[in-house]
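To start, the structure under review is shown below, and the notes come after it.
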Amino acid sequence: MERYQTAVDAALSMRPDQPVYCFRPKVLAEDARRFAGLFPGKTAYAVKTNGEPFVLATLAQAGIDCFDVASPAEFAAVRGVAPSAEMLYMHPVKAQSHIRLALETYRIRTLSLDHEDEVAKILRVVRALDIDPGDITLFVRIATKGQAAYELSKKFGAAPAHAVELLQRIDRIGFRCGLCFHVGSQIEDPQTYERALASADWIRSRAGVPIVALDVGGGFPAVYGHDPRRRTPEMPSLEELMAQLRQDISDWGFDTLPLVAEPGRVIVARSISLVVRVLLKKGRRLYINDGIWASLSDSWTGKITLPARFIPDPARKRRAGNPDEIVPFKVCGATCDSVDILSRPFWLPETVDTGDWIEIGHIGAYSLSLRTHFNGFYPDTVVEVETPFEAGEAPSGFASIETMAD
Ligand SMILES: *Cc1c(COP(=O)(O)O)cnc(C)c1O
């Protein structure tokens, strides 16, 4: 990987026409250690957030030795960089052949589910492979309600009474029982975990079976930018949030159980920024070389404000507009598809023009993991950058906020 001091150095030296991911291994290691140091249990990095080998290898070197995986490709990616790391197969709905691969080839012994037919699938493989069910922990995923930028509880999770039945069924077979939830990504309300813990406690007391572990999932918020014209949302720091979570865990009597967390976004977001180029400026529109089919998929741009840094091309000698005026630009993506327009504008100096670059910060989560080959565009250039995004000149704008007149 080529190395640069800053992303601005990378842009000015490479003059790239392709989007460039600027990876900061030190920041990743720091954020991983910070989380693991604050969470009172096992930290299982959620591979779907960003499963690039360079990310997984950096995490393994930083001491992360447990990974939340959901597919054969993720099993292989983790095994490839961290052969002795533990894997938790926490997808509630799995293909029978993938369960077999997990248990037989990868020797995974922890799985999650939210339905009795999934218990039957797992049991079939366990019998076929002659594994002792007592070596396997099945986490029942419970439905939760809460405020997160991306609600995930609508898709998975057993209602409380159903979860009680599942635990009793699992225990009767001889599997070890765990409880898990995943409140959604980028929680917006610090009470979210408390409500889930209350529900877990109700289920545990009704089920009356031994529970060997509690997994509180992901959802821990990453730090992003914000629109300076609006009030900053009142989110506690990770330290404060974790102090609250520890308190809630102990208030609901789960502090004597082994705990697991599955953080994704909070660990990887800050470690990557993206340098995109303005291919054309047309009035208040910017056509850039990335878009919703690559690193800026719609879900991202709709809800989260990312800090952005304007990198003017020194080769352009004349510029129109006021460099101190930050104005909204509609952003059109690289493909020919007319839906490839970001739903929120980028706010940048009025002088931005064709050929300039924009560095979008804190984009390590759910960006490159979601890119597609659509229309033949597939950004895949990664460089290593020494300093954190915040270390340079203050970001001169921000990407993706809520409203813009067309
Ligand atoms: C996506 C996912 C995570 C990670 O969520 P973040 O909000 O990125 O922390 C954790 N657990 C499960 C089950 C997931 O599906």
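Just follow the structure's listing: the first ligand is 1, and inside any ligand the first atom is 1.
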- Item | Sub-4.0 Å heavy-atom contact, F156 with ligand 1 | no

- Can you check whether R316 reaches T354 side chain to side chain, under 4.5 Å on heavy atoms? yes

- Would you mind running through ligand 1 and noting each atom that sits below 4.0 Å from a heavy atom of Y366? 1 (C), 4 (C), 5 (O), 6 (P), 8 (O)

- Under-4.0 Å heavy-atom contact with ligand 1, by part of K48 that carries it: side chain

- Relative to the heavy atoms of A46, which atoms of ligand 1 are at a distance of less than 4.0 Å? 3 (C), 4 (C), 10 (C)

- Note on the structure: Q5 meets the side-chain contact (heavy atoms from CB on, under 4.5 Å) criterion, sequence neighbours left out, with D9, E386, T387

- Look at ligand 1 and say whether A365 reaches it with a heavy atom at a distance under 4.0 Å. no

- Item | Partners passing side-chain contact (heavy atoms from CB on, under 4.5 Å) against E359 (at least two apart in sequence or in another chain) | A7, R24, S273, V275, R309, I311, F389

- Note on the structure: E262 heavy atoms within 4.0 Å reach ligand 1 at atoms 3 (C), 4 (C), 9 (O), 10 (C), 11 (N), 12 (C), 13 (C)

- Item | Interatomic distance, H91 atom NE2 to S112 atom OG [nearest 0.5 angstrom] | 8.5 Å

- Using non-hydrogen atoms of the residue, decide whether D68 is closer than 4.0 angstrom to ligand 1. yes

- Carefully, step by step, assess F181 and F139 under the rule ring-ring contact (aromatic ring centres under 6.0 Å, His included). CA-CA 9 Å; F181 49 78; F139 279 85; over 10 Å; no

- Query: Do you know which of L59, V81, I272 makes side chain to side chain contact (heavy atoms under 4.5 Å, CB included) with F54?
  - Reply: I272

- N/O to N/O below 3.5 Å, does that happen between P263 and ligand 1? no

- Look only at interatomic distance and state if G217 has a nitrogen or oxygen under 3.5 Å from any nitrogen or oxygen of ligand 1. no

- Item | Side-chain donor-acceptor contact under 3.5 Å, R265 with Y224 | yes

- Message: Within ligand 1, which atoms have a heavy atom of S185 less than 4.0 Å away?
- Response: 6 (P), 7 (O), 8 (O)

- Item | Within reach of ligand 1, part of H182 (heavy-atom separation under 4.0 Å) | side chain

- Identify, by atom number and element, the atoms of ligand 1 in contact range of R265, meaning under 4.0 Å from any of its heavy atoms. 6 (P), 8 (O), 9 (O)

- Query: Quick one: are P349 and I326 in side-chain contact, heavy atoms under 4.5 Å?
  - Reply: yes

- Any N/O pair R141/ligand 1 closer than 3.5 Å: no

- Item | Side-chain donor-acceptor contact under 3.5 Å, E390 with H362 | yes

